[in-house]
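A short worksheet on the structure shown next.
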Amino acid sequence: MPAIYSNRDYVTAGGLMSYGNNLLDAYRRNGIYVGRILKGDKPGDLPVDQSTKFELVINLETVKALGLDLPLSLQIRVDEVIE
């Protein structure tokens, strides 16, 4: 059954596609928070930080195995294609 995941690890394992935040960017942002806390900022005074960088990953092998056709509008928006 085709599914859309929030983590790209499922797509590399054979899942159809994923759309979610970029983990490397999230880890970088967490590091900035930790740095601010270590420099003396109070955690309660820090603003809530939401991811702004998202990625769409599609497994082309799974698309072909399911016999699906990807619309051109979706192909243009893909950040990474796994073959």
Distance col, row Tyr5:OH vs Asn59:CG, nearest 0.5 angstrom, shows 10.0 Å

Connected to Leu56, directly or through other members, by ILVMFWY side-chain contacts below 4.5 Å are Ile4, Leu16, Met17, Tyr19, Phe54, Ile58, Leu60, Val63, Leu66, Leu68, Leu70, Leu74, Val78, Val81

Output yes when a side-chain donor or acceptor of Ser6 lies under 3.5 Å from a complementary backbone atom of Gly20, and no otherwise.
no

- Has Gln50 got more than 12 heavy atoms of other residues, nucleotides or ligands less than 6.0 Å from its CD? no

From the list Asp79, Val11, Asn7, side-chain contact (heavy atoms from CB on, under 4.5 Å) with Val57 holds only for Val11

- Task: Could you tell me whether the side chain of Arg8 reaches within less than 4.5 Å of the side chain of Glu55, counting heavy atoms only?
- Result: yes

Hits for salt bridge (charged side-chain N to carboxylate O under 4.0 Å, His left out) against Asp25, two or more places apart or cross-chain, chain-then-number order -> Arg28, Arg29

message = Do Leu46 and Ile37 have side chains that approach each other closer than 4.5 Å (heavy atoms only, starting at C-beta)?
response = yes

Applying salt bridge (charged side-chain N to carboxylate O under 4.0 Å, His left out) to Asp41 and not counting sequence neighbours gives Arg36

In terms of heavy-atom contacts, Gly14 and Thr62 come closest through O-OG1, 2.8 Å

Please check if the number of heavy atoms outside Glu80 that lie under 6.0 Å from its CD is greater than 12. yes

